[in-house]
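Heads up: the structure comes next, in structure tokens.
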Amino acid sequence: MKRLQSLFYSRDTITVTRELLGKILVREIEGEKISGRIIETEAYTGPGDPASHAFRGPTPRSRIMFGPPGIAYVYFCYGVHHLLNVVTEKDGTAGAVLLRGLEPLEGLDRMMKNRSRKTENGLLDGPGKLTQALEITLSLNGDNLTKGKELYIIEGGTKPGEQIITAPRVGIKDGTDKLWRFRLRPI
DNA sequence: ACAGCGATTGACT
DNA sequence: GTCAATCGCTGTA
């Protein structure tokens, strides 16, 4: 399958957020392949989006959102979880897509072990859960998804009958007026 | 230099 | 439904 290239990510953040639904996130580690189908995403832009880390301009943490597209932006949240984003827009413009949910494809056993689960229930249905399952930590922050060997996204589409649900983003104080959360099929 | 708090999760009542 | 965990980033001084 074809890996998504820089031109895919280099577009309007909302468009990329919507079009990442159905694509396949792949993690390669220790010769094993772990992957899942992206089913939930959220958009975060720059100045103008009070919920975004980039709202007040570049900081040591958020400057990566202002950089070139197709780069992983991983950050540590609540002192507990790693959250994975993909940088969008052309170099110099801030934007990123938060990956919030996957459907398991490959490496189910390893994902369940990583999550201490015996079934696939609750395995990948949250931004902190999918990073734990795919062993994504700060070491992947700044990784180029269009070139790296450890983490990348490949082509994939929606299934017949699947529809996209639009909703307000969750877990934020400001910016809840925007419908920038996207999900495949009803919960 | 430091206090406050967060793009969450899981355990518990 | 409620709440603690846990730490690095950020704004303010």
Side-chain angles (χ1 to χ4, degrees), chain A residues 9 12-21 23 25 27 34 36-67 69-89 93-104 108 110-143 145 151 153 164-184 187:
Chain A
Y9 302 108
D12 168 74
T13 302
I14 311 303
T15 302
V16 178
T17 304
R18 190 182 272 275
E19 292 191 11
L20 274 175
L21 294 174
K23 304 292 190 287
L25 177 67
R27 169 78 166 119
I34 312 173
R37 187 166 169 267
I38 299 169
I39 58 169
E40 186 177 342
T41 55
E42 279 181 0
Y44 288 88
T45 61
D49 179 7
S52 173
H53 288 166
F55 180 54
R56 296 169 197 278
T59 65
R61 181 176 67 170
S62 72
R63 77 180 189 287
I64 193 166
M65 287 182 67
F66 291 80
I71 305 295
Y73 169 39
V74 183
Y75 75 95
F76 193 47
C77 187
Y78 293 109
V80 182
H81 305 287
H82 296 279
L83 274 60
L84 172 65
N85 301 257
V86 184
V87 176
T88 58
E89 308 275 357
T93 301
V97 180
L98 171 68
L99 301 189
R100 294 191 55 91
L102 305 175
E103 264 176 14
L108 190 60
R110 183 152 181 159
M111 286 194 273
M112 291 193 296
K113 186 183 172 191
N114 290 341
R115 295 266 305 124
S116 305
R117 290 294 134 99
K118 293 193 179 75
T119 70
E120 55 182 84
N121 284 99
L123 198 62
L124 300 168
D125 58 342
K129 296 181 184 181
L130 69 90
T131 56
Q132 185 182 32
L134 271 63
E135 302 175 50
I136 293 165
T137 65
L138 286 177
S139 69
L140 287 170
N141 187 35
D143 207 55
L145 300 182
L151 188 67
I153 299 175
I164 296 175
I165 309 296
T166 303
R169 294 172 294 177
V170 295
I172 54 173
K173 280 180 166 173
D174 302 315
T176 52
D177 55 315
K178 298 176 174 66
L179 301 177
W180 285 357
R181 183 184 183 198
F182 302 97
R183 195 191 155 86
L184 285 180
I187 296 177

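Chain letters run A, B, ... following the sequence lines, proteins first, then strands; residues in each count from 1. Worth knowing before you read on, the calculation uses all heavy atoms, side chains too, and leaves out hydrogens, waters and symmetry mates.
Protein chain A contacts DNA chain B from dG6(B) to dG10(B), reading 5' to 3' and using non-hydrogen atoms of the protein with a distance under 4.0 Å. For DNA chain C, the outermost nucleotides in 5' to 3' order that have an atom under 4.0 Å from a heavy atom of chain A are dA5(C) to dG11(C).
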Applying side-chain contact (heavy atoms from CB on, under 4.5 Å) to L184(A) and I38(A), what does each step give before you reach the verdict? CA-CA 9 Å; L184(A) 285 180; I38(A) 299 169; over 6 Å; no
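Of the possible polar contacts, none joining the R27(A) side chain to the I34(A) backbone as a donor-acceptor pair under 3.5 Å is found. Between the R18(A) side chain and the F182(A) main chain, no donor and acceptor come within less than 3.5 Å of each other. Looking only at distances, a side-chain donor or acceptor of R115(A) sits under 3.5 Å from a matching main-chain atom of G122(A).
Rounded to the nearest Å, the gap between the P atom of dG11(C) and that of dA7(B) is 13 Å. Atom C1' of dC3(C) sits at a distance of 16 Å from the matching atom of dC5(B), rounded to the whole Å. Nucleotides dG10(B) and dG8(C), compared at atom C1', are 22 Å apart to the nearest Å.
Across all strands, R169(A) comes closer than 4.0 Å to no nucleic acid atom at all (heavy-atom distances). Residue contacts for I172(A): at a heavy-atom cut-off of 4.0 Å it reaches the sugar-phosphate backbone alone, with no base atom in range.
In this view, L179(A) and T166(A), P168(A) satisfy the side-chain contact (heavy atoms from CB on, under 4.5 Å) rule, not counting sequence neighbours. The salt bridge (Lys or Arg N to Asp or Glu O under 4.0 Å) check on D125(A) picks up K129(A), with sequence neighbours excluded. Looking at residues two or more places apart in sequence or on another chain, you find a side-chain contact (heavy atoms from CB on, under 4.5 Å) between P58(A) and R63(A), F66(A). Remark: E89(A) engages no residue in a salt bridge (Lys or Arg N to Asp or Glu O under 4.0 Å) (not counting sequence neighbours). Annotation: side-chain contact (heavy atoms from CB on, under 4.5 Å) contacts of T45(A) (sequence neighbours excluded): T13(A), D49(A), W180(A). The side chain to side chain donor-acceptor pair (under 3.5 Å) check on N121(A) picks up T119(A), with sequence neighbours excluded.
In this structure, C77(A) and P60(A) both approach DNA chain C, and ranking their closest nucleotides by distance from the 5' end singles out C77(A). DNA chain B is contacted by both R117(A) and N85(A); N85(A) maps to the nucleotide lying nearer its 5′ end (nearest heavy atom per residue). Place Y78(A) and R56(A) on DNA chain C by their nearest nucleotides, and Y78(A) ends up nearer the 5' end.
A salt bridge links E42(A) with R100(A): the distance from a Lys NZ or Arg NE/NH1/NH2 to an Asp or Glu carboxylate oxygen falls below 4.0 Å.
Of the residues in residues 120-138 of chain A, those placing a heavy atom less than 4.0 Å from an atom of DNA chain B are G126(A), P127(A), G128(A), K129(A), in numerical order.
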Show every donor-acceptor pair shorter than 3.5 Å between a side-chain atom in residues 74-86 of chain A and any protein atom, with sequence neighbours excluded, or say none if there are none.
unit_1 : atom_1 : unit_2 : atom_2 : d
N85(A) : ND2    : Y73(A) : O      : 3.2

Under the 3.5 Å Watson-Crick or G-U criterion, the dot-bracket string of DNA chain B, with | for inter-strand pairs: ||||||.|||||.
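Screening residues 130-140 of chain A for salt bridge (charged side-chain N to carboxylate O under 4.0 Å, His left out) gives R110(A)-E135(A) as the qualifying pairs, with residues at least two apart or on separate chains.
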